[in-house]
Each structure stands twice: as structure tokens, then as C-alpha cells.
Amino acid sequence: MLRAAGEIDVMDGLMQPRPLTIAHILERAERLYAHKHVATAGAERCTYADVADHTRRLATVLDSLGVPVGARVATFASNNRRHLEIYLAVPATKRVLHTINIRLSPEHLEYIVNHAEDDVIFVDRGLLPRIWPSVDQLPRVRHWVVLPDGSDTAIPVDPRILDYDELISGGDPFAGSFEDTFALADENLASGLCYTSGTTGPPKGVLYSHRSTVLHCLGTLAAGLIGLSESDVVMPIVPFFHANAWGLPYGAIMAGASLVLPGTSADPAHLLQLMEAERVTVAGAVPTVWTSLVPELRAYDLSATRFLLGGGSAVPPALSETYRAALGVPITHSWGMTEVSPVGAIGGTRTQHREATAEEQVAVRAAQGQPLPLVNVRIVDVETGRELPRDGRAVGELQVAGPWVAGGYFHVDGGDSFTDDGWLRTGDLATIDADGYLRLVDRVKDLIKSGGEWISSVELEAAIASHPDVVEVAVIARPDPRWMERPVAYVVLRDGSAATAEELLQHITPMVARWWLPDEFVFMTTLPKTGTGKLSKSALRDSTRIA
Ligand code: ADP
């Protein structure tokens, strides 16, 4: 006999409530993949066994420095082997890893370190001159640990300054299990802290947990998404401090892949040489970095490449196609933000697109992609808050919810960043189609409002970037007495190009509506970038005095 729903006993499952912890990632690496390599620029090479040994020693060093459980431990460092050890040791011992953007202004840097109440800062020797001048403004920092990086930058004489390698060699190679130190259900402990860029108001801290980090890692590892495996050689060009390097370091370790860490230099030849020499299979970077590699792309043997990830801002389809033509591998789009750990969606085609024309496939690849498993997305009308249809046409503010999406900010009010039902408001405008693909139209604040209609700066940029002589482009709004705002394009041309505004205009005329055509093309030698290497439209607006 059927029973009414109300009569069925509700039961808990009988599975072990083991916590999801970063300690597990560390212990897995040493048990399963001890022989796999971590290569840092400058021919420094070691194995996960070495990394794990140093990590264990570092854990005891943190104890002997009296760094309490729960304390914030900051890094001001490039992608290198020592940074990776800190990445593992800090959360595995229940402290909170605070990765600081090395390109912050002193004002933001001081605000963030004081707001986070960092107890220790680990800093690359070569980066000391960028942070040490702020020392008097950072009274809470008790220890400054210098990471040797091959540079001979002068080290100030100060009792607070310690040497990483000396500390490690004096550390105890603790043989116990970090996993066991996590009591049952400790997975919600904070593990990491990352501040947003603060383009609107002061920077806000996103406080990750062990659970959110492990689930994000598994989410990105899913086959068909980034899908890292043991046979991969993964190179996060995206800095460790840029939203956890998009999960690539923990993801690579979890999968048993080798890691290649490029250090401080973003020089294209350096990055390409490393990719060739280490036979890198997977790499991730913002579009401006991918653009910088284009001129020398064919000069290197990059035949091992199987997956290139681009995100942080829209990857122009023409850029992705350049890579597909040169390497047979497009740049796969990923959408995310610091508040989303950061990856929320990953692009690429599906089986249903196999028969599509080449042009249609390019259009699918241009989309920011499908949400990761466990991530929910919706678009809502900016004015009414009403949810909009997933028809690929309706444009609304993108909102997200999921186990690795922030639910609040560290020690500040979330303000209007969250909806009443707890979803994150992203500030991005998007469409969602019937297959679940997200397409970002623009950021709310970058959209150009002309004569009561919207112009997507992102789409205009993609059209202009498809001209073979265009290296970089940013479109911003200029106030206009008649139309309210009109688009102006700032363009960097390839060296030696004689392309004119007329020519660019002609090139894009078939691609966009007539009233979208920019009022002016301004040719620049370079465009301003943010601390994470994205094109900075706010800096461009300031420098061109376009409000
Ligand atoms: P910020 O850029 O403010 O420093 P984040 O690095 O967290 O902070 O950036 C998040 C924002 O970057 C997103 O809200 C979105 O506007 C933009 N973004 C991220 N990935 C993409 C992408 N693939 N395409 C277009 N925009 C993107």
C-alpha cells in the first residue's frame, strides 16, 4: 500500500561524515604521486615528495613561530615551488592562506593586510621592495619570511625578517597525518582568503572553506570540463593570487599531474620556452597574456598542448581561432570571479555541435560556457528582479548559487551583493540559452547606453579584434549630449601596421548594427591593465577623462 508522503520516515544516510579537506590533497600527492614533478622557472625541479617534505617541515615552523590556528598567513609571491608549499601547509594546519596581489597600490595593500590581520607574510626576495616600504603601516605582521627566488635584492636588517630555506631546514619533518587532525565535520573551517579588486569601494575579502575549495577542485576536474589527469603537465600562468590560480594548483595535485610554475616573469619568450621545454599540456591565463604570446607562437614546439584555458575577461573569438590555427587547440573560455572560487562555467562545444558549420562552432566556443556541476545560474531583470527566460535572447543580471560561491564577505557587510534568497549578484549581464550556455553581454558598469538602447562593449571589442592588425582593443562610453553615451574604441595595432580608422570601421560594419559603430578610433601604443593583467576600462576612463 502506498503511504502518504508525510508518513514516510525521514532518515539520514549511514555514510561516514568525513570532512572534505585540503590536507587530503597534500596526503594524496605524497602517497600516490610522490615521484611527479614540480618545475619552477630557472631550471629548479623537484618532486611532490620534496614538496610534501618541505610542507611538513613548514607546518612545524609555523607552530614554532607561534602562529595560532585560524591566523591569516599571507603570501606576496610569484608562482613558484615555495609558494606551493605554503599553499599546502597553511590550510593543512588549519591556518588561513591569504594570497596578496603583488601589483596592488600601497594604499590597497596596506588596507588589505590590516583588514585581514595577517600574522605572517611570506614574500619573494625580489618582491621585497614592493611591500617592505609599507612595513610601518603594517604593525600586526609579526614575521616576514623571505623566499629565495634567485634574485640578489637587498634584504633589510630587521629582526622580523627570516629566511624561508633556513626555517625549512631547521623544521621537523613531522610524520603524522594532517588529515587526522581535522575532527569530523571540520570541513567548513576557513582555508583561504582572497580580496576582490575593489574597483567599486574598498576591496572585499572572500573567505573560502576547506569544503568549498575541495568541491571546486572536483568540479573543475570533472571530465569534459578542465578534466585534468595524471598524464597532464599543468602550467598556471594565471598568478596564484588571482582567485586561487583558478583552482589549477590544487586541481593538478589532486589529479597527480605535474606542475610547471613560471615565476615572476610574464615575458612571452620565457613562457613559451617553458611550455616547450616542459611539454606543457594544459595552461591557463587571462586573454591579455594569450595575446602577448601570439607573435612568437609558431616559433616553438607546443605540440604537447591539449587544453588552453582563458578567463577573467572575454576571450575574443579571433584570439581563440589564432591558437586553433597554430596549435590545433582553441582557448577554452571559463567564466568566474573571486567570489566563485573562481570557476563557475566552462565553455566548449558538445556532441550536438559536431555537425555545425565552422562559423557556428566558433560562436559556441565564444560563449562563456555551461555552469559547472553543482553551480546554479539564473538571469534576472535588473529593474524588477524577475527571473528571465533561458532562451538565448533575454539579457539580465547573472546570479549564481552553489557550494563554492561566497555567501558573504570577511568582516564587512555584503550590502547589495547578495539577493534576499542568498544568491550572489555578479554585476555581469548575460543570456542563458536552452542548452544552459552562458554568454556574457557585458559588465553592468561597462555597458554603453546609446539613445535608450544598449551596446555591448564586449561584442564590439570582439568584432574589432577580428581585424588581423589589431593586438588589443577596449571600447568605452563617451558622454554624448544627444544619445547619452556613444562608443569610442581604443586600439593597439601590430608593429608596423598602417591600418586606419576607416579600415577598421569597414571591417566591422558587416558584423554589428550601424548605430553600434564607434564614433572614434583612438590608436594607442599600450592599454592600461589591472593588477591581474586584465584590460582596465576604469583606468582608461580616468586617463582619457571620459566619465
Ligand atoms: P575583478 O576583475 O573585479 O578584479 P575578478 O577577477 O573576480 O575580479 O573578476 C570577475 C569578473 O571578471 C566577472 O564578474 C566578469 O565580469 C569578468 N570575467 C571573468 N571571466 C570572464 C569571461 N570568461 N568572459 C567575460 N568576462 C569574464
Side-chain angles (χ1 to χ4, degrees), residues 99-105 108 112 192-206 208 216 220 225-226 238-247 284-290 308-317 319-320 330-348 364-372 375 377 379 397-400 404-406 409 417 423-431 437-447 456-462 465 474-475 528-539:
T99 44
I100 306 174
N101 185 330
I102 61 174
R103 298 193 197 97
L104 291 176
S105 65
H108 273 168
I112 283 175
L193 178 64
C194 199
Y195 281 76
T196 61
S197 66
T199 43
T200 53
K204 288 180 286 206
V206 180
Y208 308 104
H216 174 257
T220 57
L225 300 169
I226 301 181
V238 48
F240 279 16
F241 60 74
H242 184 193
N244 311 308
W246 306 348
V286 292
T288 49
V289 169
W290 290 129
L308 299 174
L309 194 64
S313 53
V315 179
L319 179 64
S320 177
I331 298 175
T332 296
H333 229 152
S334 160
W335 172 86
M337 51 197 297
T338 306
E339 287 88 336
V340 188
S341 293
V343 185
I346 293 200
V364 175
R365 280 197 293 270
Q368 275 67 20
Q370 308 162 77
L372 260 51
V375 172
V377 295
I379 46 169
E397 187 191 30
L398 179 64
Q399 300 186 344
V400 264
W404 57 82
V405 178
Y409 291 105
S417 301
W423 288 52
L424 174 75
R425 300 180 57 206
T426 65
D428 288 334
L429 291 167
T431 61
Y437 277 87
L438 293 179
R439 276 185 183 74
L440 251 68
V441 173
D442 219 331
R443 286 186 168 196
V444 175
K445 56 181 190 281
D446 292 338
L447 201 67
S456 158
S457 65
V458 174
E459 271 183 56
L460 256 184
E461 286 159 7
V475 174
K529 311 280 184 328
T530 68
T532 50
K534 307 190 207 178
L535 291 179
S536 173
K537 293 194 187 179
S538 54

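As the structure lists them, so they are numbered: ligands from 1, and atoms in each ligand from 1. These numbers come from a predicted model, not from an experiment.
The nearest non-hydrogen atom to atom 6 (O) of ligand 1, considering only Lys534, Met337, His333, comes from Lys534. Counting heavy atoms only, Gln368 comes closest to atom 24 (N) of ligand 1 of the residues Gln368, Arg439, Glu339. Scanning Asp446, Thr332, Asp428, Val400 for the heavy atom closest to atom 13 (C) of ligand 1 points to Asp428.
The atoms of ligand 1 that sit less than 4.0 Å from any heavy atom of His242 are 6 (O). Those atoms of ligand 1 that come under 4.0 Å of a heavy atom in Ser334, given as number and element, are 20 (N), 21 (C), 22 (C), 23 (N). Near Gly336, meaning under 4.0 Å from any of its heavy atoms, are these atoms of ligand 1: 10 (C), 11 (C), 13 (C), 19 (C), 20 (N).
Under a 4.0 Å heavy-atom criterion, Leu440 is in contact with ligand 1. Residue contacts with ligand 1 leave out Pro342, since none of its heavy atoms falls under 4.0 Å from the ligand. Taking 4.0 Å as the cut-off, Gly427 does not count as a neighbour of ligand 1 on heavy-atom distance. Residue contacts with ligand 1 include Gly312, since one of its heavy atoms falls under 4.0 Å from the ligand.
The two residues Glu461 and Val475 have their closest heavy-atom pair at OE2-N, 2.8 Å.
The shortest distance between side-chain heavy atoms of Trp335 and Val400 falls below 4.5 Å. Side-chain contact between Thr220 and Leu225: absent, with no pair of heavy atoms (C-beta onward) separated by less than 4.5 Å.
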Fill in: side chain to side chain contact (heavy atoms under 4.5 Å, CB included) between Tyr195 and Val206, worked out
CA-CA 6 Å; Tyr195 281 76; Val206 180; over 6 Å; no
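Of the inter-residue distances, the one linking Ser417 atom OG with Tyr409 atom OH reads 4.0 Å to the nearest 0.5 angstrom.
Of all the heavy atoms of Ala314, the ones lying under 4.0 Å from any atom of ligand 1 are found in both the backbone and the side chain.
Among residues two or more places apart in sequence or in another chain, the side-chain contact (heavy atoms from CB on, under 4.5 Å) test is passed with Ala465 by Pro316, Val473. Every residue meeting the side-chain contact (heavy atoms from CB on, under 4.5 Å) condition with Gln370, not counting sequence neighbours, appears here in chain and number order: Arg350, Tyr437.
Counting only distance, with no hydrogens or angles, the side chain of Thr426 and the backbone of Leu398 share a donor-acceptor pair below 3.5 Å.
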